[in-house]
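Each remark here refers to the structure printed beneath this line.
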Amino acid sequence: MRLVHDVQQGDTAAMEELLDMFESDMRLLSKYIPMPEEDALQSMKLEFITLIKNKVLDQKGSSNEGE
């Protein structure tokens with residue numbers, strides 16, 4: 001949660017660390033998306049960054065979009 005908080009505060013190193021943590025999972029999942037692997041990987045990374053920066057997830061991992 002510290003890394004998520006740091007990313008939300010603009011820490012690019014924290015974002016790189018989070019992306020590194022999930023890179024292998026994203027690479028594995030990208031094989032099941034019907035598009036070139038690198039495009040799928042970039043799409044997942046972009047969505048991941050967007051979710052974190054827009055604070056879509058609260059501390060418990062549930063959505064707080066209605067707040």
Side-chain angles (χ1 to χ4, degrees):
M1 288 309 299
R2 177 192 55 79
L3 287 173
V4 171
H5 178 265
D6 291 349
V7 168
Q8 291 171 344
Q9 300 303 311
D11 186 341
T12 56
M15 177 55 73
E16 289 177 28
E17 192 172 339
L18 270 177
L19 287 171
D20 287 344
M21 287 173 61
F22 290 98
E23 174 103 18
S24 62
D25 293 325
M26 288 184 205
R27 284 203 177 274
L28 177 67
L29 292 171
S30 70
K31 296 175 191 226
Y32 300 100
I33 298 174
M35 64 173 57
E37 187 175 339
E38 285 304 313
D39 291 343
L41 185 59
Q42 289 301 334
S43 294
M44 282 189 276
K45 286 181 179 182
L46 178 60
E47 186 64 28
F48 183 69
I49 291 167
T50 301
L51 285 171
I52 291 173
K53 287 197 171 209
N54 290 333
K55 301 179 184 182
V56 173
L57 300 177
D58 66 16
Q59 290 184 355
K60 294 179 183 165
S62 61
S63 176
N64 65 2
E65 290 176 339
E67 294 179 9

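Side chains are part of it too, since the values below use all heavy atoms of this structure and drop only hydrogens, waters and symmetry mates.
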For this session: Heavy atoms only: give me the nearest S43-M35 pair and the separation to one decimal.
Result: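 The pair with the smallest heavy-atom distance is OG-SD, 4.3 Å.
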
Quick check for you: to the nearest 0.5 Å, what is the distance between [X] atom [atom1] and [Y] atom [atom2]?
{"X": "L3", "Y": "I52", "atom1": "CG", "atom2": "CD1", "answer": "9.0 Å"}
{"X": "I49", "Y": "N54", "atom1": "CD1", "atom2": "CG", "answer": "11.5 Å"}
{"X": "M21", "Y": "M26", "atom1": "CE", "atom2": "CE", "answer": "10.5 Å"}

Exercise. Which ring-ring contact (aromatic ring centres under 6.0 Å, His included) pairs, counting each pair once, include a residue from residues 5-33, with sequence neighbours left out?
Worked result: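 Residue pairs with at least one partner in residues 5-33: F22-F48.
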
Exercise. Among pairs that include at least one residue of residues 9-23, which meet salt bridge (Lys or Arg N to Asp or Glu O under 4.0 Å), considering only residues two or more places apart or in two chains?
Worked result: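 Of all non-adjacent pairs touching residues 9-23, those that pass salt bridge (Lys or Arg N to Asp or Glu O under 4.0 Å) are E23-R27, E23-K45.
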
For this session: Side-chain contact test, heavy atoms from C-beta onward, threshold under 4.5 Å: evaluate it for E38 versus L41 and give yes or no.
Result: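 Yes, at least one pair of side-chain atoms sits under 4.5 Å.
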
